[in-house]
Protein chains: 2
Amino acid sequence: MNKSQGAMSYDELRGAIAQRHRALSGRLQQIAEFVLDHPTDVALGTVAEVAQRSGVPPSAIVRFAHALGFGGFTEMQQVFRTRLVAGVAPSYKARLARMKSEEKSVLGRQPAAVLSRFVSEAQSSLVTLSQSVHARELDAATAILSKARDIYLLGLGGSFPVATHLAYVLRKLGRRVVLLDGTGGSIHEQSHAATVEDALVAISFRNYYPDTARLFPELVARGVPTISITDSLLSPIVEGAHVVFEIQDMPEPALRTLVAPMCLVQAMAIGLDLAAD
Amino acid sequence: MNKSQGAMSYDELRGAIAQRHRALSGRLQQIAEFVLDHPTDVALGTVAEVAQRSGVPPSAIVRFAHALGFGGFTEMQQVFRTRLVAGVAPSYKARLARMKSEEKSVLGRQPAAVLSRFVSEAQSSLVTLSQSVHARELDAATAILSKARDIYLLGLGGSFPVATHLAYVLRKLGRRVVLLDGTGGSIHEQSHAATVEDALVAISFRNYYPDTARLFPELVARGVPTISITDSLLSPIVEGAHVVFEIQDMPEPALRTLVAPMCLVQAMAIGLDLAAD
DNA sequence: GTGCGATTAGAATATTCATTCCATTTGTTA
DNA sequence: TAACAAATGGAATGAATATTCTAATCGCAC
């Protein structure tokens, strides 16, 4: 055991759990993970409830509390409850003061200000996304993907993260994916097997990556059904595409967060999976 | 009595109490006032405790709950607890909205509904991000990066899009970046040149990619200054990290949108660039 | 003042709960 | 493989808790 746990803050407890995690035994580690992930459940639940949700016997929960130096579950629970109380308890005065100081620090400290700017920018880009994407286009896109044998993904440069994310999700869902990334040779070779039986998802934003602009028309000419995600109807991947998602107001390359296209491809993939049943 | 009180919000309950206050009897009015003034006590206390603090016998508390249409004190207490939960979970509202839309399962399967679900989930994850990331950590992270000669990026599996995005932005800003992707050989070889003069940004979420968990400790042991972005203090890339960004409530791999980490790395990179001037 | 219904307080009760204990299993060392 | 220590699961236990019941009190009309 260890020193008295009389007045411990929630954050201190988190630190203590993380520190001790390795030294704990299997069951206790499992509980540690659950407890850090579901602090609200611990704060409000009974031993039996927490035990059931974390998949361990009740006695293990009590042993876990003991291992952390508490007299029992109830004692440990008190710490988790302070977290809930702290969320609402600060009187209006204190909350106002906190916000004001946060505002000040945001103005003063550069990195935090940058983060809040990107967050609010991302927020508005999400709003724009849900307004500008229509059900008809999404339905058409999932129809194309559901008929495809292999799904080819073309997204280079700044759009590459979107392509890799879509590749990851589609593969998790059991789809056959070819990610055109140009490693070990030319992209042309990687895409050579694409036919009318397959499908292509192309992603490109200003300034449109040259290889993307070059390869896209070739695949379209070969009759590959195509879905484009881009920021302008004048982009090089619009002409010939069967479905076009236009995401407006993408900032310049270094400043764009990719939040909107990431969300879109995710919805496409999951929507495809759900529609398949 | 009155209608069923199945799912009542805290605000609705407050309204109901205020409305009925005049019709209640002396003792019950006294309890009503206490309860509105000390909602936290009611949420976390026992009948005996609430009774003592409000200066009434325990049975009066139960009668009060009955008078409001609840089956008993415990039932009424649930409503007061939702208030505490709402205080710490910014995603609470969004989650409720999502559940509501999920109820209509047929509609929930349509691609458009899927998109709006992901959008609202992304929104709440952004709120959580801006609340959980503190200026201190961001400052520490940019300090590490600004001193680094080369910046090594480690993010595999589902986190790879985040790593590639960070790589892209950092390179646009003129930083020297090594993206550890394992192409053409082992990741160990790619990371072999990392020294104490460099820096490492590691990104990993459940289930933690094995190669990441294996490589991370090696780089830490070699003294490379390290920034970790993960979803739990128990993840394998926390121990030894100089700065840890914990992004909670990441859904299961196929459903996570990566919106929060994408925003975070973007802010880190741009913040670094701005601070350098 | 008297009688009557509503209200109340406190004891009794039945339930739920945290905790402890012990038999069994698991992992480890010789 | 055998023996030992650590850890685990589940039942038993005793405390704490919400709820109910009943006798007493209060307020009020007549």
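Protein chains get the first letters and strands the later ones, always in sequence-line order, with residue 1 at the start of each.
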Anything under 3.5 Å between a protein N or O and an N or O of nucleotides 26-29 of chain D, put it in a table, one pair a line.
none

Which nucleotide in the set C:dA18, D:dA18, C:dT8 lies at the smallest distance from any side-chain heavy atom of A:F73?
C:dA18
Atom CD of A:Q30 and atom C1' of D:dT8 are separated, to the nearest Å, by 12 Å
Search all heavy atoms of A:R171 against all heavy atoms of A:V177 and return the closest pair with its distance.
NH2-O, 3.4 Å
Is the CD atom of A:Q52 crowded by more than 12 outside heavy atoms at less than 6.0 Å?
no
Nearest whole Å is fine: how far is C:dT8 P from B:I61 CD1?
12 Å
From CD of B:Q52 across to P of D:dT17 the rounded distance in Å is 12 Å
Residue pairs meeting ring-ring contact (aromatic ring centres under 6.0 Å, His included), one or both in residues 10-33 of chain B, sequence neighbours left out, come to B:Y10-B:F80
Closest non-hydrogen atom pair, B:S204 against B:T230:
O-OG1, 2.8 Å
Can you find a side chain N or O atom of B:H66 that sits less than 4.0 Å from OP1 or OP2 on D:dT20?
yes
Is the phosphate of C:dC17, meaning OP1 or OP2, less than 4.0 Å from a side-chain N or O of A:T74?
no
Check nucleotides 9-12 of chain C against the protein and report each pair of N or O atoms closer than 3.5 Å, with its distance, or say if there are none.
{"unit_1": "C:dA9", "atom_1": "OP1", "unit_2": "B:R27", "atom_2": "NE", "d": "2.7"}
{"unit_1": "C:dA9", "atom_1": "OP1", "unit_2": "B:R27", "atom_2": "NH2", "d": "2.5"}
{"unit_1": "C:dA9", "atom_1": "OP2", "unit_2": "B:R27", "atom_2": "NE", "d": "3.1"}
{"unit_1": "C:dA9", "atom_1": "N7", "unit_2": "B:S59", "atom_2": "OG", "d": "3.4"}
{"unit_1": "C:dG10", "atom_1": "N7", "unit_2": "B:S59", "atom_2": "OG", "d": "3.4"}
{"unit_1": "C:dG10", "atom_1": "O6", "unit_2": "B:S59", "atom_2": "OG", "d": "3.3"}

